[in-house]
Amino acid sequence: MKKVRKAVFPVAGLGTRFLPATKSIPKEMLTVVDRPVIQYVVDEAREAGIEHFIFVTGRNKAVIEDHFDVQFELYDTLSQRGKEDQLSRLQRLQPSPGQTSFTRQQVPLGLGHAVWCARDLVGDEPFALLLPDMIMQLDHSCLKEMVKLYEQTGQNVVAVQECDPAETHKYGIVGRGREVHSGFEITGMVEKPKPGTAPSNLYINGRYILQPEIFKILEGQERGAGNEIQLTDAMLKLGKQQPFYGYQYQGLTFDCGSPEGFIEANVAFSLWRPDMHENVACMLERMLKELRPMERRKMPR
């Protein structure tokens, strides 16, 4: 069994739901409290033991590469001003030389195509895939628990969590089979099932451990929904050759790809911090009492 050493982060999306903010700033660099969204996802991967971070980027995404690079002027200024705590924190978040790789997805052909673009950097190894829109709040890394299940099964692992059964049509849903170690066998996968037809209420929440055979399938994968190459379609084909196991994540997941999820993440992570909890809680309580929705005619367009 090969160790899961590499993780892929598809960060080429345009972030159209956040325009005009994302006209020149990648959506992955929008901040939740005091860290970019992408930093939370990379930190989760690092906690799981990932050694090589692979970013599938697009145009106007160079700032992501800069974020994970050494900032000599900033480090020197912090050192000269005696701000050692801030300096050491930045250095702890800094990947080691050679730990990051970047490749381009020149055309927006979907998640499956973005994963395929990382094939040569991943090579013939199992790899983690983390969707950067989804950030998680729990005392330990979701991916770390998935790696444990992978080490017990040696197969593909997908993280899932429960949703309201009435909302299964919004997600990719898995069928639940027998319990295996800390997870369960996945008996099927369906993307956005019609109401009343879902095999369970367990939705795929953006964390995967996949075997390298997925690349061969993606290479010949026809376009599916949205005229894009869908990862779920390729996973269904791979599932006919190899088992898939599910890990049921028990923490909170925030979809930072939507404005509502992004705001929810900022509130949740600020309340989670001991140095901010009391002030933020009081502020929210006051705002709920004092603020009222603006009239539509007064809102800027």
Side-chain angles (χ1 to χ4, degrees), residues 4-19 22 26-29 37-38 41-42 45 50 52-65 68 100-135 143 146 156-160 170-174 186 189-192 203-242 244 255-258:
V4 180
R5 301 186 310 111
K6 299 178 180 180
V8 174
F9 305 88
V11 294
L14 297 176
T16 53
R17 285 185 287 179
F18 279 94
L19 288 170
T22 50
K27 63 177 181 176
E28 297 83 8
M29 291 300 296
V37 170
I38 188 62
V41 185
V42 169
I50 296 299
H52 190 178
F53 307 93
I54 301 168
F55 299 86
V56 181
T57 71
R59 288 179 291 278
N60 300 322
K61 300 283 184 168
V63 68
I64 297 176
E65 188 170 352
F68 290 104
T100 57
S101 295
F102 296 82
T103 188
R104 285 288 186 105
Q105 182 187 16
Q106 285 93 344
V107 287
L109 291 179
L111 176 59
H113 181 259
V115 172
W116 180 77
C117 289
R119 64 198 182 282
D120 289 336
L121 291 169
V122 172
D124 189 25
E125 299 183 35
F127 65 100
L129 170 65
L130 297 91
L131 303 192
D133 285 348
M134 312 298 284
I135 64 173
L143 186 62
M146 293 174 65
N156 305 280
V157 179
V158 177
V160 299
K170 299 179 180 178
Y171 306 104
I173 304 294
V174 305
I186 290 179
M189 287 178 278
V190 57
E191 187 68 29
K192 297 181 179 179
Y203 77 94
I204 300 171
N205 68 3
R207 300 293 185 268
Y208 312 77
I209 294 176
L210 299 171
Q211 296 291 337
E213 287 79 10
I214 194 78
F215 293 121
K216 188 65 176 177
I217 295 174
L218 287 169
E219 185 174 352
Q221 181 69 41
E222 296 180 357
R223 298 188 189 190
N227 199 32
E228 295 180 340
I229 298 174
Q230 297 293 335
L231 178 65
T232 303
D233 293 342
M235 289 167 56
L236 286 169
K237 290 182 180 179
L238 184 60
K240 296 177 181 179
Q241 307 168 18
Q242 301 175 355
F244 273 76
D255 180 4
C256 291
S258 71

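Note that the numbering runs from 1 along the sequence shown for the chain.
Side-chain contact check for Ser258 versus Arg17: some heavy-atom pair is nearer than 4.5 Å. Inter-residue side-chain proximity for Met235 and Val158 is flagged as met; some heavy-atom pair is nearer than 4.5 Å. A heavy-atom distance below 4.5 Å is not found between the side chains of Pro132 and Val42. Within the 4.5 Å cutoff, side-chain heavy atoms of Phe127 are placed close to those of Leu210. At least one side-chain heavy atom of Phe9 sits under 4.5 Å from a side-chain heavy atom of Val41. Side-chain atoms of Tyr171 and Asn205, non-hydrogen and from C-beta on, never get closer than 4.5 Å to each other.
Between Phe215 and Val115, the shortest heavy-atom contact is CE2-O, 3.2 Å. Across every non-hydrogen atom of Thr22 and Gly15, the tightest pair is OG1-O, 2.7 Å. Across all their heavy atoms, Asn60 and Pro26 have their closest contact at O-CG, 3.5 Å. Scanning all heavy atoms of the two residues, the minimum distance from Leu129 to Leu231 falls at CD2-CD2, 3.5 Å. The two residues Val174 and Met189 come nearest to each other via the heavy atoms CG1-CG, 3.8 Å. Between His52 and Ser101 the shortest heavy-atom distance is NE2-OG, 2.7 Å.
Looking at residues two or more places apart in sequence or on another chain, you find no salt bridge (Lys or Arg N to Asp or Glu O under 4.0 Å) involving Asp120. With sequence neighbours excluded, the residues satisfying salt bridge (Lys or Arg N to Asp or Glu O under 4.0 Å) with Lys170 are Glu167.
Just one residue in the list Val157, Ile209, Leu143 forms a side-chain contact (heavy atoms from CB on, under 4.5 Å) with Val4, and that residue is Ile209. Applying side-chain hydrogen bond (donor to acceptor under 3.5 Å, both in side chains) to Glu213 and the options Lys237, Gln241, Gln242 leaves one that passes, Gln242.
Interatomic distance, CG of Asp233 versus CD of Glu191, reported as 8.0 Å (0.5 Å rounding). To the nearest 0.5 angstrom, Glu28 atom CD is 4.5 Å from Ile64 atom CD1. We find the OG1-NZ distance between Thr16 and Lys27 to be 7.5 Å, quoted to the nearest 0.5 Å. Note that CG of Asn156 is 9.0 Å distant from CD1 of Ile186, once rounded to the nearest 0.5 Å. The distance from the CD1 atom of Ile54 to the OG1 atom of Thr100 is 10.5 Å, given to the nearest 0.5 Å. Taking SG from Cys256 and CD1 from Ile38, the interatomic distance works out to 11.0 Å, rounded to the nearest 0.5 Å.
Panel note: side chain Lys61, backbone Gly13; a donor-acceptor pair is recorded below 3.5 Å. Of the possible polar contacts, none joining the Arg5 side chain to the Pro126 backbone as a donor-acceptor pair under 3.5 Å is found.
Centroid-to-centroid, the aromatic rings of Phe55 and Phe68 come within less than 6.0 Å.
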